[in-house]
J.: 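Below: one structure in structure tokens.
These figures come from a predicted structure and were not determined experimentally. Every chain is numbered from 1 and lettered A, B, ... according to where its sequence line falls, protein lines coming before strand lines.
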Amino acid sequence: MKIYIKDIGLYVDKEVMIEGWVRTKRSSGKIQFILVRDGTGEVQAVAFKPELGEEKFAICDKLCIESSLRVWGKVKKDERASTGYELGITDIQILQIAEDYPLQKKEHGTQFLLDNRHLWLRSAGQFPILRIRNEIIIAIRHFFYENDFILIDTPILTGSIGETATTLFATDYFDEGKAYLAQTGQLYLEAACMAFSKVYCFGPTFRAEKSKTRRHLTEFWMVEAEMAFYDSNMNMQLQEDMIIYIVNQILKKCQPELKKLNRDISKLENVKSPFPRISYDEAITILQKLGSNIEWGKDFGGDDETILTKQFDRPVFVYDYPKDIKAFYMKQHPTDYRKVKCNDLLASEGYGEIIGASQREDDYNKLMNAIQKHNLNPKSYNWYLDLRKYGSVPHSGFGLGLERTVGWICGLHHVRETIPFPRMINRLNP
RNA sequence: UCCUGAGUAGCUCAGUUGGUCAGAGCGGGUGGCUGUUAACCACUAGGUCGGGGGUCCGAAUCCCUCCUCAGGAGCCA
């Protein structure tokens with residue numbers, strides 16, 4: 001009977017068949033240990049010459065790493081096997097010998113691994129990361145579903161609308177001129193939230209910035225939410241609830257994966273309500289006290305974010321930034337014209353920004369002013385301005401970077417391992 | 001675009017006061033081993049030292065230039 005390795009504990013002393021690949025092999029004359037993986041787990045299969053016979057033992061001898069195979073055998077509990085169980089091979093069938101498989105058991109460099117990303121995905125270290133990514137995505141969707149949000153799929157091909165034109169990927173679009181790959185779904189969500197009240201989108205996002213850092217990809221996944229009748233404080237509360245929900249789900253469902261990644265679980269268990277909330281002004285004071293030479297009016301650098309997040313044992317909100325360093329659509333602060341109602345969420349342990357959020361400008365004239373001040377063409381924003389003409393209400397929203405969130409929860413140094421096939425400034429293949 | 005660092009065997013790397021400096025481990029091949037956990041032991045094949053130019057009796061090593069990669073700045077999630 002064919003089984004999956006994750007279920008092997010249910011079949012002790014039974015005959016089973018497993019289909020999979022060779023993770024590694026060790027041989028010692030008359031006995032061979034073949035570590036078989038099938039995508040759900042791994043198990044040590046043992047070939048013992050006197051029991052298996054010359055012919056089949058010789059077949060095992062031909063196996064190399066990542067060869068595909070079918071094995072039959074009896075499941076045994078055995079402490080000597082790394083996973084607690086082993087399979088006493090009674091028969092074996094090779095599907096293909098993976099001759100000259102490029103990846104070895106020893107360490108490789110990043111470039112080599114990325115060149116072989118299609119094979120690197122099979123490595124033991126990549127399994128927990130992408131399984132956690134999967135669970136995070138499911139947690140996010142559940143969170144929104146349980147909180148009465150409607151999923152709105154926003155377009156990936158767009159006209160010239162968005163934040164700034166310099167960081168867009170362009171492509172020819174029939175007689176309509178240039179189309180751009182979406183760098184946010186927010187403006188469309190604002191339209192949709194006037195129809196459904198609470199909405200979200202979750203899809204790939206594209207930024208043509210020439211960023212070469214461990215926090216950047218040119219194609220990444222962003223979940224964005226938009227809520228009618230939410231002010232900036234309600235917005236932060238929702239973000240906090242969502243992050244706590246995600247972390248709790250991962251702690252509940254992914255203990256084995258976190259363990260394989262050597263993640264310090266206590267750091268994740270700290271992610272509880274309430275998250276500290278500090279204003280931009282307070283953040284500047286703290287940073288200056290700690291020796292940063294940042295001045296009021298400037299955005300935080302990577303080092304500043306690191307210093308700031310290390311002051312707290314959980315993610316921290318920074319709110320109400322100067323308007324000059326933020327996007328045109330953010331709502332003007334009611335009492336301080338130099339600022340806008342917005343917030344970032346900085347993840348702990350130095351990971352930095354994982355959410356950017358704001359209350360949106362709902363006043364037609366103020367929005368029109370901002371568009372003009374940013375040298376944007378009001379014509380392109382006709383429909384966006386319409387939303388302020390026909391039943392405008394206070395509304396807020398945020399965007400969460402999926403890969404940065406996965407990197408933070410997994411405790412990884414670089415976001416490139418958090419997505420199956422990373423797209424970076426000089427990497428388009430595989 | 002700018003700053004810093006790197007490029008030596010299929011992979012990971014050592015080797016720079018210029019002179020047995022063409023090296024190791026892994027991987028491949030051959031042989032050995034009945035409990036291996038990156039198994040081990042013996043033997044063996046593999047390289048135009050990123051490309052080009054220069055200095056020198058002599059360059060992996062020094063100089064110039066180009067290419068590629070990594071990290072960071074800017075920008076952002």
J.: Picking from B/rC69, B/rG72, B/rG35, which would you name as closest to the side chain of A/Val46?
T.: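 Shortest atom-to-atom distance from the side chain points to B/rG35.
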
J.: If we ignore angles and hydrogens, is there a donor and acceptor under 3.5 Å between the side chains of A/Asp38 and A/Thr40?
T.: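 Side chains of A/Asp38 and A/Thr40: pair found under 3.5 Å.
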
J.: Can you measure A/Lys298 atom NZ to B/rA73 atom C1' for me and round it to whole angstrom units?
T.: 13 Å

J.: For A/Phe220 and B/rA77, are the ring centres under 5.5 Å apart with planes inclined under 30°?
T.: yes

J.: Tell me which nucleotide, if any, is Watson-Crick or G-U wobble paired with B/rU17 when both distances must be under 3.5 Å.
T.: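 Pairing partner: none.
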
J.: Categorize A/Thr405 for me: base, sugar-phosphate, or nothing, with a 4.0 angstrom heavy-atom threshold over every strand shown.
T.: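 Here A/Thr405 touches no strand at all.
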
J.: Measuring to OP1 and OP2 of B/rU68, would you say a side-chain N or O of A/Asn426 lies under 4.0 angstrom away?
T.: no

J.: Between P on B/rA77 and CD on A/Gln239, what's the gap in Å once rounded to a whole number?
T.: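 Rounded to the whole Å, the gap is 12 Å.
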
J.: Suppose we define a pair by two distances each less than 3.5 Å, Watson-Crick or G-U wobble; what does B/rG47 pair with here?
T.: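 Partner of B/rG47: none found under 3.5 Å.
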
J.: On the 0 to 90° scale, with breaks at 30° and 60°, tag the A/Tyr280-A/Tyr321 ring pair as parallel, tilted or perpendicular.
T.: tilted

J.: Under a 3.5 Å cut-off for both distances, is B/rU55 Watson-Crick or wobble paired, and to whom?
T.: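 Pairing partner: none.
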
J.: A/Ser28 side chain: which of B/rA77, B/rA70, B/rU34 is closest?
T.: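 Per side-chain heavy atoms of A/Ser28, the pick is B/rU34.
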
J.: Considering only side-chain heavy atoms of A/Arg207, which listed nucleotide, B/rA77, B/rG72, B/rU36, is closest?
T.: B/rA77

J.: Please measure how far the P atom in B/rG46 lies from the corresponding atom in B/rU1, and state the result in whole Å.
T.: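 Looking at atom P only, B/rG46 and B/rU1 are 43 Å apart.
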
J.: I'd like to know if the side chain of A/Glu305 and the backbone of A/Glu353 have a donor-acceptor N/O pair within less than 3.5 Å.
T.: yes

J.: With a 4.0 Å cut-off on heavy atoms, is A/Phe112 in touch with a base, just the backbone sugar-phosphate, or nothing at all?
T.: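 Here A/Phe112 touches the backbone only, sparing every base.
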
J.: Classify the angle between the aromatic ring planes of A/Phe317 and A/Phe275 as parallel (below 30°), tilted (30 to 60°) or perpendicular (above 60°).
T.: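 Rings of A/Phe317 and A/Phe275: tilted, 30 to 60°.
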
J.: Mind checking who B/rU36 pairs with, Watson-Crick or G-U wobble, both distances under 3.5 Å?
T.: none

J.: Using the C1' atoms only, state how far B/rG29 lies from B/rA45, rounded to an integer number of Å.
T.: 7 Å

J.: Write down the partner of B/rU30 under the Watson-Crick or G-U wobble criteria, each distance required to be under 3.5 Å.
T.: B/rA42

J.: Can you tell me whether the side chain of A/His108 and the base of B/rC11 have a donor-acceptor pair closer than 3.5 Å?
T.: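 Result: no qualifying N/O pair found.
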
J.: Checking contacts here: which listed nucleotide (B/rG35, B/rG74, B/rC76) is nearest the side-chain heavy atoms of A/Asp299?
T.: B/rC76

J.: So which nucleotide does B/rU12 pair with, by the Watson-Crick or G-U wobble rule with both distances under 3.5 Å?
T.: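 B/rA24 is the nucleotide pairing with B/rU12.
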
J.: Reckon A/Gln44 touches a base, only the sugar-phosphate, or nothing at all at heavy-atom distances under 4.0 Å?
T.: base

J.: Using purine N1 to pyrimidine N3 plus N6-O4 or O6-N4 for Watson-Crick, or N1-O2 and O6-N3 for G-U wobble, both under 3.5 Å, which nucleotide pairs with B/rU1?
T.: B/rA73

J.: Starting at atom CG of A/Leu168, determine the distance to atom P of B/rC75, rounded to an integer number of angstrom.
T.: 17 Å

J.: Closer than 3.5 angstrom, by distance alone: can the side chain of A/Gln239 be matched with the main-chain N or O of A/Asn235 as a donor-acceptor pair?
T.: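 Yes, because the side chain of A/Gln239 sits within donor-acceptor range (under 3.5 Å) of the backbone of A/Asn235.
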
J.: B/rG23 and B/rU8: how far apart are their C1' atoms, nearest whole angstrom?
T.: 10 Å

J.: Using the C1' atom on both, measure B/rA59 against B/rA22 and round to a whole Å.
T.: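 Result for the C1' pair: 14 Å, nearest Å.
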
J.: Using atom C1' in both nucleotides, what's the gap between B/rU44 and B/rG52 to the nearest angstrom?
T.: 36 Å

J.: Starting from P on B/rA73, measure out to CG on A/Asp304 and report it in whole angstrom.
T.: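 To the nearest whole Å, that distance equals 10 Å.
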
J.: Once hydrogens and angles are ignored, does a donor-acceptor distance under 3.5 Å link the base of B/rC76 to the side chain of A/Arg404?
T.: yes

J.: Under the 3.5 Å rule, do the base of B/rG35 and the side chain of A/Glu86 count as making a donor-acceptor pair?
T.: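 Answer yes: a donor N or O sits under 3.5 Å from an acceptor.
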
J.: When you measure from the side-chain N and O atoms of A/Arg416 to the phosphate of B/rC69, is any distance below 4.0 Å, counting only OP1 and OP2?
T.: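 For B/rC69, neither OP1 nor OP2 has a side-chain N or O of A/Arg416 closer than 4.0 Å.
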
J.: So, does A/Asn116 get its side chain near the phosphate of B/rC11, meaning an N or O under 4.0 Å from OP1 or OP2?
T.: no

J.: Under 4.0 Å, counting only non-hydrogen atoms across every strand here, what does A/Lys25 touch: a base, just sugar-phosphate, or nothing?
T.: nothing

J.: Can you check the distance between B/rG19 and B/rC62, where both ends of the measurement are the P atom (answer in whole Å)?
T.: 11 Å

J.: Looking only at the side chain of A/Glu209 (C-beta and beyond, no hydrogens), which of the listed nucleotides B/rG71, B/rC75, B/rU36 gets closest?
T.: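 My answer, after comparing the listed nucleotides, is B/rC75.
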
J.: Checking only heavy atoms, does the side chain of A/Ser211 share a donor-acceptor pair with the base of B/rC75 at less than 3.5 Å?
T.: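 Flag set: donor-acceptor pair detected.
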
J.: Assign A/Arg427 to base, sugar-phosphate, or nothing according to its heavy-atom contacts below 4.0 angstrom with the strands shown.
T.: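 Counting heavy atoms under 4.0 Å across all strands, no contact is made by A/Arg427.
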
J.: Among B/rA77, B/rC33, B/rA70, which nucleotide sits nearest the side chain of A/His216?
T.: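 Of B/rA77, B/rC33, B/rA70, B/rA77 is nearest to the side chain of A/His216.
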
J.: When we call it a touch if two heavy atoms are under 4.0 Å apart, what does A/His414 touch: a base, just sugar-phosphate, or nothing?
T.: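 Contact class for A/His414: sugar-phosphate only.
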
J.: If you look at every strand shown and take non-hydrogen atoms under 4.0 Å, does A/Pro50 touch a base, only sugar-phosphate, or nothing?
T.: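 Base: the residue A/Pro50, judged by heavy atoms under 4.0 Å, touches a nucleobase.
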
J.: Donor-acceptor pair, distance only, cut-off 3.5 Å: does the side chain of A/Ser67 make one with the backbone of A/Ala98?
T.: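 The answer is yes, because a donor-acceptor pair under 3.5 Å joins these two groups.
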
J.: So what does A/Gly352 hit on the nucleic acid, given a heavy-atom distance under 4.0 Å: a base, only sugar-phosphate, or nothing?
T.: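 Answer is nothing: A/Gly352 stays at 4.0 Å or more from every strand.
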
J.: From A/Glu226 CD over to A/Phe398 CZ, what is the distance, rounded to the nearest 0.5 angstrom?
T.: 9.5 Å

J.: Taking for each residue the nucleotide of RNA chain B with the nearest heavy atom, is it A/Ser27 or A/Asp78 whose nucleotide lies nearer the 5' end?
T.: A/Asp78

J.: Look at the rings of A/Tyr245 and A/Phe143 and say which category their plane angle falls in: under 30° parallel, 30 to 60° tilted, over 60° perpendicular.
T.: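 Rings of A/Tyr245 and A/Phe143: tilted, 30 to 60°.
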
J.: Tell me what A/Leu402 touches on the nucleic acid: a base, only sugar-phosphate, or nothing, going by heavy atoms under 4.0 Å.
T.: nothing

J.: With a 4.0 Å cut-off on heavy atoms, is A/Arg215 in touch with a base, just the backbone sugar-phosphate, or nothing at all?
T.: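 Here A/Arg215 touches the bases of the nucleic acid.
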
J.: Between P on B/rG5 and NZ on A/Lys212, what's the gap in Å once rounded to a whole number?
T.: 15 Å

J.: Just call it for A/Lys210: base, sugar-phosphate, or nothing, with non-hydrogen atoms closer than 4.0 Å on any strand.
T.: base

J.: Taking any heavy-atom pair under 4.0 Å as a contact, classify A/Phe48: base, sugar-phosphate, or nothing.
T.: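 Touches a base.
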
J.: Considering only the P atoms, how many Å lie between B/rA9 and B/rC67, rounded to the nearest integer?
T.: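 Approximately 22 Å lies between the P atom of B/rA9 and that of B/rC67.
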
J.: Both A/Gly401 and A/Ile425 contact RNA chain B. Which one's nearest nucleotide lies toward the 5' end?
T.: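 It is A/Ile425 whose nearest nucleotide is closer to the 5' end.
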
J.: How would you label the contact of A/Gln104 with the nucleic acid (heavy atoms, under 4.0 Å): base, sugar-phosphate, or nothing?
T.: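 Base: the residue A/Gln104, judged by heavy atoms under 4.0 Å, touches a nucleobase.
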
J.: I need the single residue from A/Leu35, A/Ile94, A/Leu63 that forms a side chain to side chain contact (heavy atoms under 4.5 Å, CB included) with A/Val22. Which is it?
T.: A/Leu63

J.: When you compare B/rG7 with B/rC49, how far apart are their P atoms, in angstrom units rounded to a whole number?
T.: 14 Å

J.: Touch check for A/Asp100, heavy atoms < 4.0 angstrom, all strands: base, sugar-phosphate only, or nothing?
T.: nothing

J.: Decide, for B/rG46, between syn and anti: a glycosidic angle within 90° of 0 counts as syn, anything else as anti.
T.: syn

J.: Out of A/Phe196, A/Tyr230, A/Phe202, A/Phe144, which residue meets the ring pair (Phe, Tyr, Trp, His ring centres under 6.0 Å) rule with A/Phe149?
T.: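 Answer after filtering A/Phe196, A/Tyr230, A/Phe202, A/Phe144: A/Phe144.
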
J.: For B/rG35, does OP1 or OP2 lie under 4.0 Å from any side-chain N or O of A/Arg26?
T.: no

